Amino acid sequence: MQETPLCLRVGHLLPSSMSDSNTTDFTNPSTFILLGVPGLEAAHVWISIPFCALYTIVILGNFTILFIMKRETSLHEPMYYFLCMLAITDVLQTTSILPKTLSIFWFNSREIDFSACLTQMYFIHCLPVMASGIIVALAFDRYVAICDPLRHSTILTNPVVAKIGLAVGLRGGVLILPFPFLARQRPYCRSNIIPHTHCDHLAVVKLACADIRVSSYYGLFVAFMVMGLDMCFITVSYIQILRAIFSLPTKDSRLKTFRTCGSHLCVILVSCIPALFSFLSHRIGHNVPLHFNVLMTNIYLLVPPLLKPIIYGVGTKHIWDRLLQLFTCKGT
């Protein structure tokens, strides 16, 4: 029996005019159709509730962190500058995904312009690479603060912090630039229907009717290079940090010093574990339901920005104290 094409299977989800215009001629379409979570279309309204709550918490949490950093001059230090960069990156990352995703869930607004799709693809992949680089910068800050505390202020000066931030941004921007560039060069003649909530790189290029091995191999190269190099730098930093901690004379001093790294270690875990599961589900989980892959990608992209301000807000004493002062003053 001949398999029913995907475009016909999902035709009932689209308005008749949209279906007619987008399922007859797929040669370099001007628009794509985002399905949302394939197979769970009937539950889109319910799925939107945690997504909307997540977006609200991300915005409020990260802007609260930024407000406290700006207001308190005592927090104008390298670690907190890096946290500001991380907060801005996380807000941009969720904003590049969730408004369109929620419009699909709430208003069935599935169309996205081809150029807008490539722009979204760029930022969706660029911003996590930047966030990973900032986490490496935070590891370097902890290394200098613990292993060479007397020179911390002379090594991580404001110009050095700015240069590190610029390098992190350039790395992410340059590494991901080939994604939309290669995708734009492909002819699309199979379908213009993307079975996803957003314009994921692999989900888009799989619609091309040309050889996509270059895009696929480059995506693997970026993933292994970013994750591999960043984890190597973080591991080397923490080996040196642990050596310095264990050389301290008393147990209390060792615990007190190690606690200054606790928030950073938690952020590494909440960033790496979803990324690993998402990567494995896409690359080797060929028998995994499509909706599971879509949800795993969203968890990888959206849950870390939700948890980072909570981790740093609760786990960093200076930020927690300022938060208590802020809400206590408002309460009185």
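Predicted model only: the values in this text are computed from it and were never measured.
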Nearest non-hydrogen partners of Pro178 and Val174, listed with the distance: CD-O, 3.4 Å

Minimum-distance pair of heavy atoms, taken over all atoms of Ile241 and Ala139: CD1-O, 4.3 Å

Tyr218 atom OH: more than 12 heavy-atom contacts under 6.0 Å: yes

Pairwise side-chain contact, Arg151 with Asp148, heavy-atom cut-off 4.5 Å (strictly under): yes

Closest non-hydrogen atom pair, Leu102 against Cys52: CD2-N, 4.1 Å

Salt bridge (charged side-chain N to carboxylate O under 4.0 Å, His left out): pairs with one or both residues in residues 216-230, sequence neighbours excluded: Arg171-Asp230

Minimum side-chain heavy-atom gap Leu207-Asn192 below 4.5 Å: no

Main-chain N/O of Pro128 paired with Ser132 side-chain donor or acceptor, under 3.5 Å: no

Aromatic ring pairing Phe179/His125, orientation class (parallel under 30°, perpendicular over 60°, tilted between): perpendicular

Ring centers of Tyr122, His201 separated by less than 6.0 Å: no

Heavy-atom check, side chain of Val214 versus side chain of Leu182, under 4.5 Å: yes

Side-chain H-bond candidate by donor/acceptor type, Arg110 with Ser103, under 3.5 Å: no

Flag if over 12 foreign heavy atoms under 6.0 Å of OH, Tyr238: yes

Closest non-hydrogen atom pair between Ile124 and Ser96, with its separation: CG1-OG, 3.9 Å

Trace of the side-chain contact (heavy atoms from CB on, under 4.5 Å) decision for Val91 with Phe63: CA-CA 8 Å; Val91 168; Phe63 273 104; 4.1 Å; yes

Stepwise side-chain contact (heavy atoms from CB on, under 4.5 Å) test for Phe82 and Val161: CA-CA 8 Å; Phe82 289 134; Val161 171; 3.9 Å; yes

Same cluster (ILVMFWY, side-chain, under 4.5 Å), Leu242 and Leu265: yes

Nearest-0.5 Å distance, CD of residue Glu77 to OG of residue Ser153: 9.5 Å

Qualifying side-chain hydrogen bond (donor to acceptor under 3.5 Å, both in side chains) pairs, either residue in residues 57-68, two or more places apart: none

Of all pairs that satisfy side-chain hydrogen bond (donor to acceptor under 3.5 Å, both in side chains), the ones with a partner from residues 78-93, not counting sequence neighbours: Asp90-Lys308

Steps toward side-chain contact (heavy atoms from CB on, under 4.5 Å) verdict (Leu138, Tyr312): CA-CA 12 Å; Leu138 282 164; Tyr312 275 111; 3.5 Å; yes

Expected output: side-chain Glu111 to main-chain Ile33 donor-acceptor under 3.5 Å: no

Gln185 side chain vs Phe181 backbone, donor-acceptor pair below 3.5 Å: yes

Residue pair Asp200 / Met121, side-chain heavy-atom distance below 4.5 Å: no

Between CZ on residue Phe123 and CD1 on residue Ile97, distance to nearest 0.5 Å: 12.5 Å

Side chains of His152 and Tyr143, donor plus acceptor under 3.5 Å: no

Side chain to side chain donor-acceptor pair (under 3.5 Å) assessment of Arg186 paired with Ser215: CA-CA 10 Å; Arg186 304 280 184 249; Ser215 294; 3.2 Å; yes

Single-linkage hydrophobic cluster Leu150~Ile146, side-chain heavy atoms < 4.5 angstrom: no

Trace of the side-chain contact (heavy atoms from CB on, under 4.5 Å) decision for Val303 with Val270: CA-CA 8 Å; Val303 170; Val270 302; 6.0 Å; no

Test item: Val205 and Ser216 side chains (from C-beta on) under 4.5 Å apart, heavy atoms: no

Separation between CG of Leu54 and CD1 of Ile299, rounded to the nearest 0.5 Å: 10.0 Å

4.5 Å side-chain heavy-atom contact, Ser271 and Ile135: yes

Minimum-distance pair of heavy atoms, taken over all atoms of Pro38 and Val294: CD-CG2, 3.9 Å

Short side-chain donor-acceptor distance under 3.5 Å, Thr197 and Asn298: yes

Side chains of His196 and Leu35 in contact at under 4.5 Å (non-hydrogen atoms): no

Gap between atom CD1 of Ile311 and atom CG of Leu269 - 0.5 Å precision: 8.5 Å

Over all atoms of both residues, closest heavy-atom pair of Phe32 and Cys117: CD1-SG, 3.9 Å

Distance in Å, Cys199 SG paired with Gln120 CD, rounded so as to fall on 0.5 Å steps: 5.0 Å

Atom pair CG/CD1 of Leu86 and Ile65 - distance to nearest 0.5 Å: 10.0 Å

More than 12 heavy atoms of other groups within 6.0 Å of Phe114 CZ: yes

Verdict with supporting geometry, Tyr55 and Thr95, side chain to side chain donor-acceptor pair (under 3.5 Å): CA-CA 8 Å; Tyr55 190 41; Thr95 302; 3.0 Å; yes

Shared hydrophobic cluster for Ile59 and Ile49 (ILVMFWY, side-chain gaps under 4.5 Å): no

Side-chain heavy atoms of Lys251 within contact of Leu255, under 4.5 Å: yes

Joint cluster assignment, Val168 & Leu170, ILVMFWY side-chain distance < 4.5 Å: no

Same apolar cluster: Val144 and Leu248, side chain cutoff 4.5 Å: no

